[in-house]
Amino acid sequence: MSLLTVGSVAFDALETPFGKTDKIIGGAATYITLSASYFTSENNLVAVVGDDFPQSMIDILKDHGVNTEGLEIRQGEKTFFWSGKYHHDMNTRDTVEVQLNVMGSFDPVIPDAYQNCEFLMLGNTAPSIQKQVIERLTNRPKLIMLDTMNFWMDSAWDDLLEVLKLVDVVTINDEEARQLSGESALVKAAAKIGAMGPKTVIIKKGEHGALLFHGDHVFFAPALPLEEVFDPTGAGDTFAGGFIGYLASTGDVSFNNMKRGIIYGSAMASFCVEKFGAERLFNLSKQEINDRVMQFVSLSAFELQ
Ligand code: AMP
C-alpha cells in the first residue's frame with residue numbers, strides 16, 4: 001500500500017562526544033523515506049528545499065524508489081538548517097541552532113498522483129503544516145501517524161493540540177511525552193496523550209527502547225545493545241519510517257502487527273546510529289535487516305521451565 005511522507009529535508013550540523021560534522025544531509029523526512037523504502041515500494045515525499053540542496057541526495061532518494069515529484073526546490077532560497085549537540089550519554093541533546101529558511105513558508109502541495117495514499121506519515125514539522133496536509137487529501141488515509149518534538153510544544157502549542165485530534169498514531173520521546181501530558185509516569189502520560197486524539201501512542205526511549213500503547217494494551221521493544229553508538233540523529237525518524245513502512249507493506253494496522261512494526265522500526269534505528277547522518281541507510285540489504293530483526297527476537301526470548 002502507498003505511503004506519503006511529509007516533513008523536513010534538511011542540512012544538519014552535529015556534535016557528539018566522538019566527533020563533529022559540518023553541514024550534512026538530514027531532516028525527518030529524509031530518514032523516514034529512506035527507512036520506509038526497505039519495506040514499501042510506493043513511497044511518496046512532500047517537502048521543500050532551497051537551491052543549495054544537492055541533486056546527488058535527491059538521486060539517492062530516487063534510487064531508493066522514493067517519488068520526489070512533491071519535493072519543491074525553491075530557487076534563490078536556503079534549505080532548513082538544524083544543529084545539535086549530544087550529551088555524554090548520547091541519549092539527550094541540545095538544539096544549538098535552527099534556521100527555518102524555506103520551511104518558514106512551506107505550503108505543502110500534494111501531487112495528484114499522491115492522492116488516495118493509504119498511509120500518511122507526518123514527520124516532524126510545524127503542526128499547522130501537518131494539519132494542512134491532512135486537509136489537502138481528498139480521502140482520509142487508512143492510518144495517519146504524526147511525529148513531533150519539544151520545539152513545537154514551546155512554539156506552537158495550540159496548533160499541535162488541533163492536529164493531534166486528527167491522527168491515529170503519535171510517536172514522541174519520553175521527555176516530550178512528559179512535557180505534552182504534564183505527567184511524569186509514562187503510562188499516565190500515554191493515556192493523557194491518547195485522550196488528545198491518537199488512539200495509539202508510541203513513546204521512544206532512545207537506547208532504552210520503545211513503548212507501544214493502545215487502550216489497555218502495552219508492548220515494549222528493547223533497543224539493541226550496540227557496542228558503538230556513533231550518532232543518534234534521525235534514529236526516531238528511522239524508527240518511524242521502518243514502523244509505518246512495515247505496516248504499509250502488510251496493509252495490516254492491528255495491534256499485533258504494530259508489535260512487529262515496532263521491532264522492524266527498532267532494527268532500522270539500530271543501523272542509523274552506527275554512522276553519522278543517514279549514511280548507514282543508503283545501502284542496506286534485506287538479509288542484514290532480517291538478521292537484525294532475529295537479534296531482537298533472541299534478545300528478549302526466554303522459556304519458562
Ligand atoms: P530525530 O533525531 O529522529 O529526532 O531527528 C533529527 C532530525 O530532525 C534532524 O535531521 C533535523 O534536521 C530534524 N529536525 C530538527 N528540528 C526540527 C524541526 N524543528 N522541524 C523539523 N525538523 C527538525
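Start at 1 and go down the list; that is how both ligands and their atoms are numbered.
- Screening residues 15-25 for side-chain hydrogen bond (donor to acceptor under 3.5 Å, both in side chains) gives no qualifying pairs among residues at least two apart or on separate chains.
- A donor and an acceptor atom, one from each side chain of Gln55 and Asp59, are located under 3.5 Å apart.
- Close approach of ligand 1 to Ala10 (heavy-atom distance below 4.0 Å) involves ligand atoms 12 (O).
- Side-chain atoms of Glu42 and Asn67 form no donor-acceptor pair, as typed in the model, at a separation below 3.5 Å.
- Note that Arg292 lies in the cation-pi zone of Phe271, set by a 6.0 Å cut-off to the ring centre and a 45° limit from the axis.
- Each of the following atoms of ligand 1 lies closer than 4.0 Å to a heavy atom of Gly236: 3 (O).
- Annotation for ligand 1: atoms under 4.0 Å from non-hydrogen atoms of Gly27 are 9 (C), 10 (O), 12 (O).
- Heavy-atom proximity to Gly26, at under 4.0 Å, picks out these atoms of ligand 1: 10 (O).
- Under a 4.0 Å heavy-atom criterion, Phe11 is not in contact with ligand 1.
- Relative orientation of the His64 and Tyr38 rings is perpendicular, given thresholds of 30° and 60° on the angle between their planes.
- Among Ile32, Asn124, Thr30, the residue whose heavy atom lies nearest to atom 17 (C) of ligand 1 is Asn124.
- Remark: ligand 1 atoms within the under-4.0 Å shell around heavy atoms of Gly234 are 1 (P), 2 (O), 3 (O), 5 (O), 6 (C).
- For the ligand labelled ligand 1, residue Tyr31 lies inside the 4.0 Å heavy-atom shell.
- Atoms of ligand 1 found under 4.0 Å from any heavy atom of Asp12, numbered from 1 in the order shown, are 9 (C), 10 (O), 11 (C), 12 (O).
- Here the side chain of Gln115 pairs no donor or acceptor atom with the backbone of Asp112 at under 3.5 angstrom.
- A heavy-atom separation below 4.0 Å is not found between Met103 and ligand 1.
- Of the N or O atoms in Thr125, none lie within a sub-3.5 Å distance of an N or O in ligand 1.
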Show which side-chain atoms of residues 218-231 pair as donor or acceptor with protein atoms under 3.5 Å away, not counting sequence neighbours.
from	atom 1	to	atom 2	distance (Å)
Asp231	OD1	Thr233	N	2.9
Asp231	OD1	Thr233	OG1	2.7
Asp231	OD2	Gly277	N	2.9

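- Ligand 1 has at least one atom lying under 4.0 Å from a heavy atom of Thr233.
- Where the criterion is an N or O separation shorter than 3.5 Å, residue side chain and backbone included, Arg93 meets it with respect to ligand 1.
- No side-chain donor-acceptor contact under 3.5 Å links Thr68 to the backbone of Leu71.
- Regarding atom 20 (N) of ligand 1, its nearest protein heavy-atom neighbour is Trp152 CZ2, 3.5 Å.
- Partner of Ser254 under the side-chain hydrogen bond (donor to acceptor under 3.5 Å, both in side chains) criterion, chosen from Asn257, Asp252, Thr250: Asp252.
- A salt bridge links Arg136 and Asp107; the closest N-O separation between the charged side-chain nitrogens and carboxylate oxygens is under 4.0 Å.
- Closest protein heavy atom to atom 3 (O) of ligand 1: Asp237 OD2, 2.9 Å.
- Taking distance alone, with nitrogen or oxygen atoms compared against 3.5 Å, Ser8 approaches ligand 1 more closely than that limit.
- Of the charged side-chain nitrogens involved, none lies within less than 4.0 Å of a carboxylate oxygen, so that Lys142 and Glu118 do not count as a salt-bridged pair.
- Contact atoms of ligand 1 toward Phe151: 19 (N) (distance under 4.0 Å to a heavy atom of the residue).
- Ligand-side atoms of ligand 1 in range of Met149: 16 (N), 17 (C), 18 (C), 19 (N), range being under 4.0 angstrom from any heavy atom.
- Assignment of Phe80 to the shell around ligand 1 is supported, since a heavy atom sits closer than 4.0 Å.
- A donor and an acceptor atom, one from each side chain of Gln132 and Gln130, are nowhere located under 3.5 Å apart.
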